[in-house]
Amino acid sequence: MTAPTDNLRINGDRLWDSLMEMAKVGPGIAGGNNRQTLTDADAEGRDLFKSWCEAAGLTLGVDQMGTMFATRPGTDPNALPVYVGSHLDTQPTGGKYDGVLGVLSGLEVVRSMNDLGIRTRHPVVVTNWTNEEGARFAPAMLASGVFAGALTLDYAYERRDLEGKSFGDELKRIGWVGDEAVGARKMHAYIEYHIEQGPILEAEKKQIGVVTHCQGLWWLEVTLTGREAHTGSTPMNLRVNAGLAMARIFEMVQRVAMENQPGAVGGVGQVSFTPNSRNVLPGKVVFTIDIRSPDQAKLDGMRARIETEAAEIAAALGVGCSIEAVGHFDPVTFDPTLVSRVRSAAERLGYSHMNIISGAGHDACWAAKVAPTTMIMCPCVGGLSHNEAEEISPEWAAAGADVLLHAVLETAEIAG
Ligand code: HGY
Ligand code: MN
Ligand code: MN
């Protein structure tokens, strides 16, 4: 493959304008976004992205999980496409760039190829994966998981949000059930550009993260069954206290993660109490433990210890305990050829760079199961993400998109 000349750059102002335009869709309450998957705001964002793709001359395909694939044709109809993209859905208190940067930078790469009159042998496809976040419907990376064959369509359609609404019904409600079989598409390669969502690149003053790996993950949903009782008149020795069991399990998860340093994290982001009344001891407590590590043995060892010790903690308090894995993928090693293409593109373009392991999960983690895959990262301010204050600079955004342009052109092969 011949690398493109080093003077090819994307249009950074146009990319930034598109990011700011998309940020107006599903605004949060503190400057970020609340564009959760399969909500009306998600549908609005999809329509905006669709209009931009059509304006760029792309042909849109949609699969049965609602994932959007916008294709720029290549010169060789038999060549498998090079896929780029990420996700447009956000956390409830999400930032303006998580996922969105990858989708709109993929679009910017196509827009720039149009401006430069570049044709490639392989087609280029810009992707918006449905429900990457897993905030409303667990697990995260749901559509890409079905695409990679790790999850079934029926399992995905049956996933329910906290109001009991199903993924399948909500996808139908917003009118984004596509006709393509999920996973029928074959990829020549997949390259995802994403903000780091951590503090390393900014601290090391590097413009580009050359992502070599992504850490693995378990999401363990714990259901604790206590006994609803009066918080005032129930003596301490007669309580079956699911809330106390939860607190002790949280403390244990923290301890297990700290005992697996370096390279392990563990915590809880979502809890529900039933009946969730100030003066009723909870009869049921449900929460999801999120543990991650780039080391397979550590990841699985933490899961085993947490499941054993959670059961012991609950039993000691007479509290019922059941645990269900509701999300998982093993640590991922990205494709070495694509990784070195990203690195040499950064060097050719004069951008500082370093190897990095992704702390967050991405659709690339599932794409790597079915095609040569890699990622590119840019720094984010203070390493903050999954927070409405998430921030990047236009320069950071453009640098990564330039690298994406070069990596895509080298992989899709310039045809004149
Ligand atoms: O959970 C994750 O790592 C991703 O942000 N969905
Ligand atoms: Mn993301
Ligand atoms: Mn995210």
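Whatever order the structure lists ligands and atoms in, that order sets their numbers, starting from 1. Just so you know, these numbers use all the heavy atoms, side chains as well, and skip hydrogens, waters and symmetry mates.
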*Near the Mn ion (ligand 3) (under 2.8 Å) - protein N, O or S atoms*: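 Short answer, with waters excluded from the count: Asp98 OD2, Glu133 OE1, Glu133 OE2, His386 NE2.
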
*Indicate whether any N or O donor in one side chain lies under 3.5 Å from an N or O acceptor in the other, for His353 and Asn355.*
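Checked: His353/Asn355 side chains show no N/O donor-acceptor pair below 3.5 Å.
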
*Could you label the plane-to-plane angle of the Trp218 and His328 rings as parallel, tilted or perpendicular, counting under 30° as parallel and over 60° as perpendicular?*
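Parallel.
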
*With under 30° as parallel and over 60° as perpendicular, where do the rings of Trp16 and Tyr97 fit, or are they tilted in between?*
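The rings of Trp16 and Tyr97 lie parallel, inter-plane angle below 30°.
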
If the cut-off is 4.0 Å to any non-hydrogen atom of [X], which atoms of ligand 1 fall inside it?
X      : result
Ala360 : 3 (O)
Glu132 : 4 (C), 6 (N)
Ala140 : 6 (N)
Glu133 : 5 (O), 6 (N)

_Closer than 3.5 angstrom, by distance alone: can the side chain of Gln207 be matched with the main-chain N or O of Ser352 as a donor-acceptor pair?_
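Confirmed, Gln207 side chain pairs with Ser352 backbone.
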
_Closer than 3.5 angstrom, by distance alone: can the side chain of Thr90 be matched with the main-chain N or O of Arg35 as a donor-acceptor pair?_
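Pair found, side chain donor or acceptor close to backbone of Arg35.
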
*Is Arg119 atom CZ crowded by more than 12 heavy atoms from other residues, nucleotides or ligands, each under 6.0 Å away?*
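At most 12 heavy atoms, drawn from other residues, nucleotides or ligands, come within 6.0 Å of this atom.
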
*Evaluating non-hydrogen atoms only, which member of His362, Gln197, Arg292 is closest to atom 3 (O) of ligand 1?*
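The nearest heavy atom belongs to Arg292.
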
*Please step through salt bridge (Lys or Arg N to Asp or Glu O under 4.0 Å) for the pair Asp115 and Arg14, ending with a clear verdict.*
CA-CA 12 Å; Asp115 292 348; Arg14 180 171 56 194; 2.8 Å; yes

*Measure from the Mn ion (ligand 2) to every N/O/S atom of His194 and report the name of the nearest one.*
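It is NE2 of His194.
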
*Among the heavy atoms of His386, does any lie under 4.0 Å from an atom of ligand 1?*
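Yes, His386 has a heavy atom closer than 4.0 Å to ligand 1.
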
*Taking NZ, NE, NH1 and NH2 as the nitrogens, is one of them in Arg173 or Asp169 under 4.0 Å from a carboxylate oxygen of the other?*
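A salt bridge is absent here (no side-chain N lies under 4.0 Å from a carboxylate O).
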
*Do Arg303 and Glu307 sit within salt-bridge range, that is, some charged N less than 4.0 Å from a carboxylate O?*
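Answer for the salt bridge query: yes.
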
